[in-house]
Amino acid sequence: APKTGIKRAAPQAAGAATKRRQATDPIHSKALAVADALLSAEAEVLSASAAAMLAPLAEVSLAKPRDKRHEFETKVVDMVEEALRSIKEQRERTLEETKAKVDGVFDDKAARQESCERAKAALRDLEAAVPPRKVALAQATAARDSCLEALAAAQRVQREEDKDFVAIEAQRAEVQQAVESLAELKIKSDDSKQS
């Protein structure tokens with residue numbers, strides 16, 4: 001009975017020893033690093049499904065020495081090499097683009113500062129133009145108010161004169177009517193004298 005227990009314990013111990021050896025094995029840790037690099041590749045270089053398929057195969061294939069690899073494992077290593085080359089080229093392009101952006105920041109900053117200074121100068125000019133315009137507005141407002149007062153006074157005078165004119169017109173109409181009445185009476189009296 002004790003042998004049976006030992007036999008069962010041995011495979012478990014062997015599995016634990018294998019895991020410890022893989023964790024400390026530099027070749028296996030490098031194979032894990034390659035698999036992680038494949039999994040972290042940009043989608044434009046290596047699709048997620050291709051990376052998910054290739055990463056575990058790379059981990060197993062790269063852990064074996066070159067002369068002990070199966071033909072399939074050699075092809076996997078070739079695919080991994082091609083994928084890593086594409087990842088490297090893409091990251092170098094990204095690095096160059098980023099460097100170009102960073103290099104352009106100083107030019108952009110200078111242009112933005114110059115634009116800011118021009119805007120500040122224009123603002124100062126506009127602010128300097130405000131007080132004289134406020135004075136001109138106050139003068140124009142005062143002149144308008146004076147004109148409105150003069151207009152109101154003229155309208156008052158006009159209304160007063162209109163009252164006098166209406167009274168005079170009424171008197172003229174009465175006089176006219178009286179003259180016409182006299183003229184009629186004169187004509188009647190002349191006719192009566194002649195008859």
Side-chain angles (χ1 to χ4, degrees), residues 29-59 79-187:
S29 63
K30 289 179 182 179
L32 283 174
V34 169
D36 288 343
L38 292 171
L39 291 172
S40 67
E42 297 287 328
E44 61 192 40
V45 175
L46 187 65
S47 69
S49 59
M53 177 196 72
L54 199 56
L57 294 174
E59 186 178 332
M79 287 188 281
V80 167
E81 182 181 6
E82 183 180 333
L84 289 175
R85 188 177 312 112
S86 297
I87 292 169
K88 180 183 176 189
E89 289 170 358
Q90 191 272 338
R91 289 188 178 167
E92 286 174 349
R93 281 192 305 273
T94 302
L95 179 64
E96 289 301 317
E97 290 169 2
T98 305
K99 280 183 181 179
K101 285 180 184 177
V102 168
D103 291 343
V105 165
F106 295 110
D107 294 337
D108 290 346
K109 182 179 178 182
R112 284 192 305 271
Q113 283 177 336
E114 183 179 326
S115 176
C116 182
E117 291 302 319
R118 284 194 309 267
K120 285 180 181 178
L123 178 62
R124 282 191 298 270
D125 292 344
L126 291 172
E127 286 174 343
V130 168
R133 301 250 169 116
K134 282 185 176 180
V135 168
L137 176 63
Q139 290 171 346
T141 302
R144 181 206 62 195
D145 292 345
S146 173
C147 288
L148 288 174
E149 288 174 10
L151 177 62
Q155 287 173 338
R156 281 193 301 274
V157 168
Q158 181 70 38
R159 282 192 298 271
E160 289 298 320
E161 290 178 0
D162 284 349
K163 287 180 189 176
D164 292 342
F165 176 74
V166 169
I168 291 171
E169 187 63 30
Q171 288 174 356
R172 188 193 65 78
E174 287 176 10
V175 168
Q176 180 71 30
Q177 191 176 16
V179 168
E180 287 174 3
S181 296
L182 281 176
E184 282 179 24
L185 285 175
K186 183 178 176 191
I187 292 174

**Message:** Taking atom CD as the centre, does Q177 end up with more than 12 heavy-atom neighbours from other residues, nucleotides or ligands that are less than 6.0 angstrom away?
**Reply:** no
**Item:** Residues E97, K101: salt bridge by 4.0 Å N-O rule
**Value:** no
**Q90 and T94 side chains, donor-acceptor separation under 3.5 Å** = yes
**Request:** Only one of E117, R118, R112 passes side-chain contact (heavy atoms from CB on, under 4.5 Å) with E114; say which it is.
**Result:** R118
Do you know the tightest heavy-atom contact between [X] and [Y]?
{"X": "P56", "Y": "A51", "value": "CD-O, 4.5 Å"}
{"X": "A55", "Y": "A35", "value": "O-CB, 3.5 Å"}
{"X": "V45", "Y": "A83", "value": "CG1-O, 4.5 Å"}
{"X": "A31", "Y": "E59", "value": "CB-O, 3.6 Å"}

Quick one: [atom1] on [X] to [atom2] on [Y], what's the gap to the nearest 0.5 Å?
{"X": "T98", "Y": "D103", "atom1": "OG1", "atom2": "CG", "value": "10.5 Å"}
{"X": "K109", "Y": "C116", "atom1": "NZ", "atom2": "SG", "value": "12.0 Å"}
{"X": "E42", "Y": "R93", "atom1": "CD", "atom2": "CZ", "value": "10.5 Å"}

**Item:** side-chain contact (heavy atoms from CB on, under 4.5 Å) between R91 and I87, intermediate numbers included
**Value:** CA-CA 6 Å; R91 289 188 178 167; I87 292 169; 3.7 Å; yes
**Any residue meeting side-chain contact (heavy atoms from CB on, under 4.5 Å) with A50, in chain and number order, not counting sequence neighbours** = L46, S47
**Asked** Is a side-chain N or O of S115 found less than 3.5 angstrom from the main chain of A111, in a donor-acceptor match?
**Response** no
**Asked** Under 3.5 Å, is there a donor-acceptor pair between the side chain of T141 and the main chain of L137?
**Response** yes
**Request:** Keeping to residues at least two apart or across chains, list the salt bridge (Lys or Arg N to Asp or Glu O under 4.0 Å) pairs with something in residues 161-172.
**Result:** E160-K163, E169-R172
**Asked** Would R85 and E89 count as a salt bridge (charged side-chain N to carboxylate O under 4.0 Å, His left out) if you check the C-alpha gap in whole Å, the side-chain angles of each, and the deciding distance to 0.1 Å?
**Response** CA-CA 6 Å; R85 188 177 312 112; E89 289 170 358; 5.4 Å; no
**Request:** Find out whether L54 and L39 are in side-chain contact, i.e. whether some heavy atom of one side chain is under 4.5 Å from a heavy atom of the other.
**Result:** no
**Message:** For a 4.5 angstrom cut-off between non-hydrogen side-chain atoms, does L84 reach K88?
**Reply:** no
